[in-house]
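Here is the structure we will look at.
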Number of protein chains: 2
Amino acid sequence: MSVEDQVAPPGRAATAVEEPDADRLDLPVVLAALADPGRLAIVRALAECGEECCVKVGEQAGLTVGKSTLSHHLKVLRESGVTHTRTQGTHRYVSLRRDDLDSAFPHLLDAVLAWRDRS
Amino acid sequence: MSVEDQVAPPGRAATAVEEPDADRLDLPVVLAALADPGRLAIVRALAECGEECCVKVGEQAGLTVGKSTLSHHLKVLRESGVTHTRTQGTHRYVSLRRDDLDSAFPHLLDAVLAWRDRS
DNA sequence: AAGCTGGTCCGATGTGTGTCGAACTATCCC
DNA sequence: GGGATAGTTCGACACACATCGGACCAGCTT
């Protein structure tokens, strides 16, 4: 019952991108996802731009990487359970899974977001 | 023949193990240090055994790795600023740098330690 | 329909990391 | 002194990962 639709049946299911269930979040995996400076910047940008944000968050985060690299980072964040991705047409809207993260690891996201890099 | 006049002045300096200053802790580095399950187990064991703990924390943490691997993990934790290491004789006592971590990343350590793995 | 375009996937590549055993260092104890 | 012992360091190895360009696929747009 955990996995409703396995591999996108021909029916609807359009927006199904694999994301772990809220009760299956793994701390080491999440920490590893957040340990990359680029991904951390993305998460921070997502937190700042409110509810939902288009993939251009890469630009907003000041990322200077190629398309495929950005896609890879978003995939890591998505599969670790940090972000949710909604597909609409050719666009993808990314958002932080704040509630799920807060319930699985209380205050973790706050602690991470509170950090300011003094370079 | 290896180290003629390298470092090691004839004086004291004994217990100097490299650890970053409290105001130089880097979040991605700390997160990466905590992202390894083995190191996370060590940190948890350190938190449970109070103030200071000998290196046998590896056993207490249930680590089944070799000496060199354990040494490596402790080095990563030390150099990331998560732990403090005090040398006494042939023994090394490891402790969490709770204060420094809490002041640099408030609630981060608490959030990490609060997590319980349901396997 | 035909093309454009946002985004993913695929290979390749260089770099980092976890693991080990063995060699080495330093300290303690008899 | 001469071991014995705690711990680090040194290759070495396999594997994972960040990065890239280009191929590919699916919706828009005209």
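Letters A, B, ... mirror the listed sequences (proteins, then strands); counts begin at 1. Small disclaimer: the values here were computed from a predicted structure and weren't measured.
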Short side-chain N/O contact to C:dC20 OP1/OP2 from B:T69, under 4.0 Å: yes
Whichever of A:G89 and A:G66 has its nearest DNA chain D nucleotide further upstream toward 5': A:G66
Of the listed nucleotides C:dC9, C:dT8, D:dT8, the one nearest the side chain of A:R92: C:dT8
Atom-pair distance (NZ on A:K67; C1' on C:dC10), nearest Å: 14 Å
Whole-Å distance separating the CD atom of B:Q88 from the C1' atom of C:dC28: 12 Å
Short side-chain to backbone donor-acceptor contact, B:R86 and B:S95, under 3.5 Å: no
Check: B:H73/B:R39 side-chain N/O donor and acceptor closer than 3.5 Å: yes
Distance test, side-chain N/O of B:S71 to OP1/OP2 of D:dT8, below 4.0 Å: yes
A:R92-A:T87 side chain donor-acceptor pair, cut-off 3.5 Å: yes
Atom-pair distance (NE2 on A:H73; C1' on C:dC9), nearest Å: 16 Å
Nearest-angstrom distance from the residue atom NZ of B:K75 to P of C:dT19: 15 Å
Touch class at under 4.0 angstrom, heavy-atom based, for B:V65 against every strand present: sugar-phosphate
Minimum heavy-atom distance between B:L46 and B:V94, given as atom pair plus value: CD2-O, 3.6 Å
Backbone N/O of B:V65 and side chain of B:T69: donor-acceptor pair under 3.5 Å: no
Closest to the B:T90 side chain, choosing from D:dT9, D:dA6, D:dG7: D:dA6
Quick one: which protein N/O atoms are closer than 3.5 Å to N/O atoms of nucleotides 11-17 of chain D? Pair and distance per line, please.
none

Identified side-chain contact (heavy atoms from CB on, under 4.5 Å) counterpart of A:I42 within the set A:L74, A:L34, A:D36: A:L74
Pair B:D110 + B:R98, salt bridge at N-O below 4.0 Å: yes
A:E79 CD to D:dA18 P, straight-line distance once rounded to whole Å: 12 Å
Length of the line joining A:L70:CG and D:dG21:C1', which is rounded to integer Å: 15 Å
Gap between atoms CG and P, on A:L63 and D:dC20 respectively (whole Å): 10 Å
Whichever of A:V76 and B:R78 has its nearest DNA chain D nucleotide further upstream toward 5': B:R78
Whole-Å gap separating C1' (C:dT8) and CG (A:L77): 16 Å
